[in-house]
Number of protein chains: 2
Amino acid sequence: MLFSKGCTYAIRASLLVTTKEIKDGRKFIPIRELSDELDLSFHFLTKIMQVLTEAKIMESFRGPNGGVGLARPAREITLIDVIAAVDGLDLFSECALGLPGCGEKTPCPLHAAWAKRREDLHRMFEKTTLAGLAKELELNALRH
Amino acid sequence: MLFSKGCTYAIRASLLVTTKEIKDGRKFIPIRELSDELDLSFHFLTKIMQVLTEAKIMESFRGPNGGVGLARPAREITLIDVIAAVDGLDLFSECALGLPGCGEKTPCPLHAAWAKRREDLHRMFEKTTLAGLAKELELNALRH
DNA sequence: GATATATAAGATACAAGAGTCTTAAATCTG
DNA sequence: CAGATTTAAGACTCTTGTATCTTATATATC
Ligand code: SF4
Ligand code: SF4
């Protein structure tokens, strides 16, 4: 898999929080509500949301009417932010073969082809904001 | 990581076998020689080469002067063959978010962008043959 | 203040990946 | 045939990722 389970959960949950914030105008969404709708473990999602909170992508609030919400406007949060917080960015800097000490100076024969696509992927996730995804989701009634 | 450790070892070892076959004209290379030069565990590499042998990518021969060698001409073995044998091709058919039952009919908002790059990656590994890599390696004195 | 609701934090359990080791079978050489 | 070499097969260990569970802590409502 390209991303860890936790990372994909983080993306899906962030997107759901975004749509709920935009559509219903709510500031904090309980994690239980998210885990129910996304059909995944509440406890596991809790831990992941804690990571996003620590990374200043989410804000949290305890007690009744508490939950998690975006710490910044949805158009300022990119998928790279979420990926970096959960999985790190090794995928976009390390290489397909993972040779020790590899790089531009001493490349393996796969380097040119892989590095190009690696950077393209990085740019793609960097340009994709939660606001953009939420908008696309609403326009086309896509799944989440 | 994009590929498992075993898969990257498989690629590196296949490539080394290819260059040895081409340059030295040897049919079988002992796995110990490969593991020594690639600086990785002999026993682990043995297990991986067994997978490649089972997949008809390599041929093996026991006893003195034995070892492993390419089962087909190097220009007919692609990286996709090696990847498919060790890691499988899920990476190129599954999606970034791994939603259950996802696909063209009910796509998530990431689908279009990801599917395009996923197929591009698949094509890249499909077009890359061991012979091509070995040639590039020799021409430019690249690492392996 | 008492109680219910929610996240925070960390202990624990389970599964999968990565790596090691041992024994068996095949092959060559002398 | 005897002994050395080399892969085959599988048991075993260690580490990491995934998931669950329990106990704290903060907050709101009454
Ligand atoms: S040279 Fe490039 S492609 Fe090759 S192992 Fe290093 S980073 Fe990866
Ligand atoms: S719709 Fe496409 S991008 Fe979205 S989860 Fe499914 S395969 Fe992946």
Side-chain angles (χ1 to χ4, degrees), chain A residues 1-14 17 20 26-36 38-71 83 85-88 90-91 97-98 100, chain B residues 1-14 17 20 26-36 38-71 83 85-88 90-91 98:
Chain A
M1 271 226 280
L2 190 65
F3 301 124
S4 71
K5 291 285 185 73
C7 191
T8 67
Y9 296 169
I11 294 174
R12 292 170 61 192
S14 311
V17 168
K20 281 176 182 290
R26 291 198 281 158
K27 184 87 194 78
F28 292 108
I29 320 289
I31 298 178
R32 177 125 260 150
E33 185 179 328
L34 300 174
S35 66
D36 280 353
L38 295 174
D39 193 32
L40 43 90
S41 154
F42 163 73
H43 287 102
F44 192 37
L45 184 58
T46 294
K47 204 154 65 171
I48 290 158
M49 295 320 274
Q50 279 173 28
V51 172
L52 295 187
T53 302
E54 180 127 0
K56 299 276 181 17
I57 293 169
M58 296 276 171
E59 270 173 1
S60 67
F61 204 77
R62 295 199 248 200
N65 308 320
V68 293
L70 302 183
I83 293 164
V86 182
D87 274 3
D90 286 355
L91 177 65
L97 295 188
Chain B
M1 271 225 281
L2 191 64
F3 302 124
S4 71
K5 290 285 183 74
C7 191
T8 67
Y9 295 170
I11 295 174
R12 293 169 61 191
S14 311
V17 168
K20 281 178 180 289
R26 290 199 282 159
K27 182 87 196 78
F28 293 108
I29 320 288
I31 298 177
R32 176 127 260 148
E33 184 179 329
L34 300 173
S35 66
D36 279 354
L38 295 174
D39 193 32
L40 42 91
S41 154
F42 164 71
H43 286 103
F44 192 35
L45 184 58
T46 294
K47 205 155 61 170
I48 291 158
M49 296 319 273
Q50 280 173 28
V51 173
L52 295 186
T53 302
E54 180 126 1
K56 301 274 183 14
I57 294 169
M58 295 276 172
E59 270 173 1
S60 66
F61 205 78
R62 295 196 248 203
N65 308 321
V68 293
L70 303 182
I83 294 164
V86 182
D87 274 3
D90 285 355
L91 177 65

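Small disclaimer: the values here were computed from a predicted structure and weren't measured. So you know, we letter chains A, B, ... as the sequences are listed, proteins then strands, and number each from 1.
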Letter by letter from the 5' end, nucleotides 6-18 of chain D scores (B base, S sugar-phosphate only, - none; protein heavy atoms under 4.0 Å) BBBB-B------S
Would you call Phe42(B) and Ile31(B) a side-chain contact if the rule is heavy atoms closer than 4.5 Å?
yes
Kindly indicate whether the side chain of Leu91(A), heavy atoms from C-beta on, has any atom under 4.5 Å from the side chain of Phe3(A).
yes
Met58(A) vs Ser14(A) side-chain heavy atoms within contact, under 4.5 Å:
yes
Rounded distance in Å - NZ (Lys27(A)) to P (dA6(C))
17 Å
Using OP1 and OP2 only, check whether a side-chain N or O of Ser41(A) sits under 4.0 Å from dA19(D).
no
Atom CZ of Phe28(A) and atom C1' of dA28(D): how far apart are they, to the nearest Å?
13 Å
Separation of atom CD1 in Ile48(B) from atom P in dG19(C), rounded to whole Å:
8 Å
Given side chains that start at C-beta, do those of Ile83(A) and Ile11(A) come closer than 4.5 Å, heavy atoms only?
yes
For Arg26(B), all residues meeting salt bridge (Lys or Arg N to Asp or Glu O under 4.0 Å), sequence neighbours excluded
Glu33(B)
Would you mind listing every salt bridge (Lys or Arg N to Asp or Glu O under 4.0 Å) that reaches into residues 56-70 of chain A, with sequence neighbours excluded?
Lys27(A)-Glu59(A)
